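Inspection log for the structure reproduced underneath, given as structure tokens.
The first residue in the sequence is number 1, and the count goes up from there. These numbers come from a predicted model, not from an experiment. Side chains included, hydrogens not; waters and symmetry mates left out as well; all remaining heavy atoms used.
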Amino acid sequence: MSTVNAVLKVVVLYLAELVSSVSDWFQTKPEWANQEVLENTELKTTGGGESRQKAKTLWEKTGAVIMVEATELSSLKSQLQDLEVPLFAVVKENLGKELDCFKKFFSGKVYVDQKRNFYGPQERWMCLSMFLRVGVWRNLWRAYRRGFGGTLRGEGLVLGGVFVIGPAQQGILLEHREKEFGDKVNMLAVLRAARQIQDNTSS
């Protein structure tokens, strides 16, 4: 009986991956960001006393790791602090309680990108195909168990990502675009890019 269950599990997982790969055909392919556009993006601070500033001020002196609608990178904050590379979050809208919930999982500064340049050059949406992807359901369940429910209000279906941007002329050292909700960036790749910032600055 256990052998039959194991075979069924393998078949179900195979079919789930097959459906997910088919749903890839309906997703917009990511386009790489234009650093000049990102630099000139106007970001709005959150948490009272709101002000506006050019995005390049976040990384022009020290470089930075920037999460776009992601929370998992918070676990790297102490390691990034050791490297003297700050960690910021950029969201597309301030929806009150939803942003408060986001901040429970992220203790750094959060900015709002109202023009959504950090989601471009071409925005990518997770539409009906999300219901066909096992990874989405798995990630939603994991987030729910952690207490991060989120909502689909506003532009809740837009996919985000992660940037590691170096100071001065170092440019974009790492760019990760979500393939689906909860598609995590490789943490070691983020740390390698952050160390590259430090190595290039000290050399």
inquiry  = Looking at Thr46 and Val110, would you say the former's side chain and the latter's main chain have a donor-acceptor pair under 3.5 Å?
reply    =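 Looks like yes, one N/O pair under 3.5 Å.
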key: Test item: Thr41 side-chain N/O and Asn117 main-chain N/O as donor-acceptor pair under 3.5 Å   =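 No; zero donor-acceptor contacts below 3.5 Å.
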Side chains of [X] and [Y], heavy atoms from C-beta outward: is any pair under 4.5 Å?
{"X": "Ile197", "Y": "Pro167", "result": "yes"}
{"X": "Pro86", "Y": "Leu58", "result": "no"}
{"X": "Leu38", "Y": "Trp59", "result": "yes"}
{"X": "Val68", "Y": "Phe163", "result": "yes"}

Review item, side-chain donor-acceptor pairs of residues 186-193, under 3.5 Å, at least two apart:
from: Asn186; atom 1: OD1; to: Leu188; atom 2: N; distance (Å): 2.9
from: Asn186; atom 1: OD1; to: Ala189; atom 2: N; distance (Å): 3.0

Residues two or more places apart in sequence or in another chain: which of them pass side chain to side chain donor-acceptor pair (under 3.5 Å) with [X]?
{"X": "Glu39", "value": "Gln35"}
{"X": "Gln53", "value": "Thr57"}
{"X": "Asp113", "value": "none"}

So, using salt bridge (Lys or Arg N to Asp or Glu O under 4.0 Å) as the criterion, who are the partners of [X] when residues are at least two apart?
{"X": "Glu175", "value": "Arg177"}
{"X": "Lys44", "value": "Glu50"}
{"X": "Glu84", "value": "none"}
{"X": "Arg195", "value": "none"}

key: side chain to side chain contact (heavy atoms under 4.5 Å, CB included) partners for Glu36, two or more places apart   =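 Partners of Glu36 by the side chain to side chain contact (heavy atoms under 4.5 Å, CB included) criterion, ordered by chain and then number, come out as Asn34, Asn40.
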key: Partners meeting side chain to side chain contact (heavy atoms under 4.5 Å, CB included) with Ala194 (sequence neighbours left out)   =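 Ala194: side chain to side chain contact (heavy atoms under 4.5 Å, CB included) contacts with Leu80, Leu83, Val85.
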task = Could you grab the distance from atom CG of Leu87 to atom CD1 of Ile66, nearest 0.5 Å is fine?
result =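 So the CG of Leu87 and the CD1 of Ile66 are separated by 9.0 Å.
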key: Euclidean distance, Arg116 CZ relative to Lys92 NZ, rounded to 0.5 Å   =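 Between Lys92 NZ and Arg116 CZ, I get 7.5 Å after rounding to 0.5 Å.
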request  = Kindly determine whether Phe88 and Met67 satisfy side-chain contact (heavy atoms from CB on, under 4.5 Å), including the steps that lead there.
outcome  = CA-CA 6 Å; Phe88 301 106; Met67 310 186 315; over 6 Å; no
ask   = Passes side-chain contact (heavy atoms from CB on, under 4.5 Å), Leu173 versus Ile165? Steps please.
value = CA-CA 6 Å; Leu173 304 176; Ile165 306 177; over 6 Å; no
